[in-house]
Amino acid sequence: MQLAINIAVLAAIYALIACGYVLIYRVSRVLNLAHGELMMLSAYLLLTTASLFSKNPLIALTAAVFLSLCVGVLVYLFLMRRMTGEMVLAAVLTTVALGVLLRGLVVLIWSAQQQNPAQALGWANYSIPVFGAGRISAAGAALIAVTTLIYAGLFLFLRFSRYGIRMRAAGQNPLLAAQRGISLHVIYALAWGLSTFTGAMAGILISLDSGLDSTMVLIGLKAFPAALVGGLDSLVGALLGALIIAAAEVLMIYYVDALLSDVVPFLVLILMLIVRPWGLFGTREELDRV
Amino acid sequence: MLKRNLIATAVLAGLTGATAAQDAYNVGLTGALTGPAAGTYAPAVDGLRIYIDKVNAAGGVNGKKINLILLDDSAQPARAAANATRLVTDDKVVLLLNASLSSTYAPVVGESQKANVPLIFASSVCPKDVYPPANALQFCTTAFAANYDSRAVLDFVKATAKAPVKLGLAAMAIPISRGEIDYAEELAKTLGMTPVSKQIIPPPTPDYTPFATLIKEADANWTYSWAPWVTQVRTLEGLRRLGWTGDYIAWSHLEAENELARLKDGKFYVVGANALFQDDLPIHKEIAAAAKAANSQYPVNQMTEGWIAGMVIEAALKAAGWPANAEKVTASLSNLKVDLKGLRGGELQWTKDNHFRTRQYYRVYRWDEAKGAIVRVRDWAAFDVK
Amino acid sequence: MSSREPRASGYFRSSYDQGLRLIETRTQWTSLIAFLLALGAFPFLATSFQLDLACQVFLAVIGSIALMLLTGYAGQVSLGHAGLIAAGAFTAGILFKEFGAKFWITIPAAAAMGALIGLIFGLPSLRLRGLYLAVSTLALHFIVIYLGGEYETKRGFSTGIVIDAPRIGDLVLRDRKIWYFVLLAFAAVTLLISLNLLRSRTGRAWAAIRSHETIAEALGIGVAGHKLLAFVISSSMTAVAGALFSYYRGFVSVEAFSLFLSIQYVAMIIIGGMGSLLGAILGAIFVTLLPYVIEYAVGLLPNARSYAGMLAAFNYSAFGIVMILFLVFEPQGLVGIWRRVQNYFLLWPFKQKPLGGGRR
């Protein structure tokens, strides 16, 4: 039972992070390698808002998430917008550079010390028994709930709302979409905002569960195989990919060697790249045409 | 091409503009002042800086100032190597200090041996070379020490535990921590305890619960962790979240004092060689006042390591006289006795072949719910170092 | 550096042999000799710290040229460069520790290991493009680091493997001045190999593959073979750089090869300028020296010591900003700037270069 819960929590973490990769990739074919750093930035923002609104943790939380959304939009407007139309690789490298910059800034502003946002908010991390046989932390439960909500929300948004449909259109064929009067810049900015929003939720919940320092970036990176295994442009894929990677990792810890758990996501990834590079649910990239 | 070369030389020439102060003791440190590992080292180094500034303000040593050069290596071996080279050859330091991850030791030790400059490990874990028979050039002021720590911990566990001990062990997946936990596992067996589960946890783990689950399911009633603070405390939190109620014992790193107060866990023991600030000794007040005056950004109660290193440096330079060179400093370090004024269980003494300390003292603390404060569980227990 | 067009205005070639020469005009000869003299004189004028920096630059140059061949010329993206450097360093370190092998065995062995890994990790490139390929090389990095870490722990070298300085007869390679020339020689040889490779059939095939794989294939270029060749050559050069690093520093440990190192190498070729060997060299110099320049600049600030604790953060931020600035505003990199300046003087008093002909 505990095993299942552990897998579920880890899968929720990976899924929540992975959908950030997917959102941006699906819409603009850019891989955002600064996602881990943006996630970390959001968690640090929570630290600041928590000290600003020390009486009201909910306001602090909302403010941090809202700020993160703005950061995402701003990143697009001031940085990534210049990279549209450039080589895809140049755009990816720009996100790498952004990540490096953010890592530096975070240390400059908040220092490299281990932090505890949960304490700053005055929250304790309760432990909840599940079905008598296992236990889950409050933050862990929140992670699963938030991941479910966000995925449900994203499905509805992309399927039924006007902007969701536009986003899908822009992802499918930017040129046609632009010709039909869809403002690509607005759509891309929206994608970036949404992506950092989901990343912020992940970063904040992880930091509430187990504290915050600069190693969070690596968690962001570890979730990346999940997105890729599922297919970089598919939300369902991200969900399933996260489940596969999380299960592989936890089972490895349980039955084989914990040390391998660090490498396993990347082994699964290589396997996937060899067998089916576009992932489980991803669309196959177009063939070359001369 | 010519132009490129000109620019390059201009840049290079500019870099060494810093002239070494001739009329002072040059002491150089390479440390993880920033980067992921900095949390454990930067506060200690800041403590050292404040101590040296204080000494200088009071007239220095033997009438000369100490010129402390701090270089950051972000715990990257390549940077540490470059730093050490620079300190030894350009700044002509008489004493090298290392305050960084163990991965930086090899290059820094290499430089120190090459140039015959003594090297003190301050706030970074003591390498084997400082234990008797010690390497002539390596010294260590740091509180934590492989093997002796586990001995002290298991000694305490044995004395405290009422039921037969089923021991869970947790290490971080870095060589130094794994080595110590392996040692503890063997030692526990000889002490009549049963090691039931040993977890080696990779550093960037999003969720510690799977590891905690394994310890809990192995039915451990004591768990011991000797790792960087993050791993120690997150494993504990993971265990508590699962409803595990056993006793947990870990090394008392710099962060311990604040963290004990945060966790408020009555069954969480920390073993350490430094007196915590809640003991409120006169020396603690002195450190607090100096840190406040210097406007330090780090918590005062994390500066003990730096303060001790400062005391040792001051004493060594005093004995070396003026003008000092690396040989004289090495000689005075090899025969040194420093009164730590209660920061540790006794004085720090180095001899010709013992550069760790002749006697190591351990204290155990925990949080007391009833008193709402940290309490001493066991006072200084001495272990002879041979 | 190897422009196949004549350097100055006008055409001077009067025989086919001249087309093969690397150095054509008298000005080039003079500046090359002056440059070599300056390089030769440098160690006798510089302090030990400056020498150390120069050695670091040479090591970086070897690595960045190798990456430039792969990414800048053959168009195959790699984010696993640090993994390859680590592989080279560990090959040297393990052979030394386990078998006491000498450097004339370990360095070729590192090259062979690099070639082998290059071959294995070139295989995905036959199926994958761009991003996906970059990701698979990222995985390579994690696997190499894991294996290296396991070796270190299992054999009890927890603070890294210490390697003795190489020895030729009675001569122990410890003095920085000697190292300077050794590394300079390695860097120069790497440069020459690359220059000649790029002028040959292989180099042209790579350029074609980078421009358009399908067309390259239609032109009769063996795409798969040439891609693999690019990986093999680049990886073995990189591995040699890793082995040299381990000897130069006297140690090997996994922590020295973080993912950030890969990013630094990618930054070198971006900042230097994609598709140019001169760019690789300039980029290596720039990225290697940047942190030291920043350190020096911070040292000039009043109350410098209180910033000491923030240096790495400054470095990170500055590095990120510089990389972004180059990507956004100067995609041609330092070489682009250099060429503009050169053109300005070459064309003066005119502003535009003639259409057709002339230099790109």
Side-chain angles (χ1 to χ4, degrees), chain A residues 1-3 5-7 9-14 17 36 103-104 107-108 111-116 118-119 124-129 134-140 143 202 206 209-211 213-223 246 249-254 257-263, chain B residues 32-43 46 74-75 170-174 178 197-214 216-217 228-231 233-244 253-255 258-259 261-264 297-299 302:
Chain A
M1 188 61 218
Q2 193 61 47
L3 181 73
I5 295 173
N6 290 344
I7 292 178
V9 172
L10 197 61
I13 291 177
Y14 285 158
I17 303 172
R103 259 188 258 181
V107 176
L108 275 182
S111 91
Q113 301 247 296
Q114 164 96 11
Q115 310 272 9
N116 266 299
Q119 188 189 20
N125 198 358
Y126 297 104
S127 160
I128 309 163
R135 279 173 167 272
I136 188 170
S137 70
L143 255 169
I206 296 171
D209 199 23
S210 52
D213 59 21
S214 53
T215 52
M216 183 174 278
V217 174
L218 293 170
I219 301 176
L221 206 60
K222 273 179 93 179
E249 200 175 324
V250 174
L251 291 174
M252 198 58 85
I253 293 171
Y254 264 64
D257 183 2
L259 286 171
L260 271 174
S261 72
D262 228 14
V263 200
Chain B
L33 305 182
T34 49
T40 331
Y41 304 101
D46 213 40
S74 317
M172 188 192 252
I174 53 174
R178 283 171 73 177
S197 171
K198 181 172 75 175
Q199 294 308 315
I200 297 161
I201 306 171
T205 300
D207 190 8
Y208 280 73
T209 329
F211 301 99
T213 312
L214 285 171
K216 185 184 172 224
E217 282 173 1
W229 186 258
V230 187
T231 301
V233 78
R234 288 194 189 171
T235 311
L236 168 69
E237 286 177 310
L239 279 166
R240 291 293 184 242
R241 238 175 273 151
L242 293 170
W244 184 74
H253 285 289
L254 304 178
E255 303 92 331
N258 295 342
E259 294 274 290
R262 176 177 74 86
L263 292 163
K264 297 193 172 40
Q297 53 168 330
Y298 297 104
Q302 304 192 5

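Sequence lines set the chain letters: A, B, ... in the order given, protein chains first and strands last, and positions in each chain run from 1. On a predicted model such as this, the values are computed, not experimentally measured, just so you know.
Smallest separation of non-hydrogen atoms from B:L242 and A:R135: O-CD, 2.9 Å. Between B:D207 and A:D209, the shortest heavy-atom distance links the atoms OD1-OD2, 4.4 Å. Nearest heavy-atom pair across A:S137 and B:R241 is CB-CD, 2.6 Å. Shortest non-hydrogen contact noted between A:L10 and B:P206 is CD1-CG, 3.7 Å.
Residue contact with chain A, scored on non-hydrogen atoms closer than 4.5 Å, is absent for B:E255. Only the side chain of B:R234 has a heavy atom closer than 4.5 Å to any heavy atom of chain A. Proximity to chain B involves both the backbone and the side chain of A:I253, based on heavy atoms less than 4.5 angstrom apart.
The choice from B:R262, B:E237, B:R240, B:Q302 that makes the most heavy-atom pairs within less than 4.5 Å of chain A is B:R262. Of the listed residues (A:N6, A:L218, A:I5), the one with the most heavy-atom contacts under 4.5 Å to chain B is A:N6. Top candidate by heavy-atom pairs under 4.5 Å with chain A, chosen from B:W229, B:F211, B:Y208, is B:F211.
Side chains of A:V9 and B:T209 form no contact here, defined as non-hydrogen atoms less than 4.5 Å apart.
Judged as a side chain to side chain donor-acceptor pair (under 3.5 Å), and not counting sequence neighbours, the contacts of A:R103 are A:E37. For A:Y14, the side chain to side chain donor-acceptor pair (under 3.5 Å) partners are A:E249, not counting sequence neighbours.
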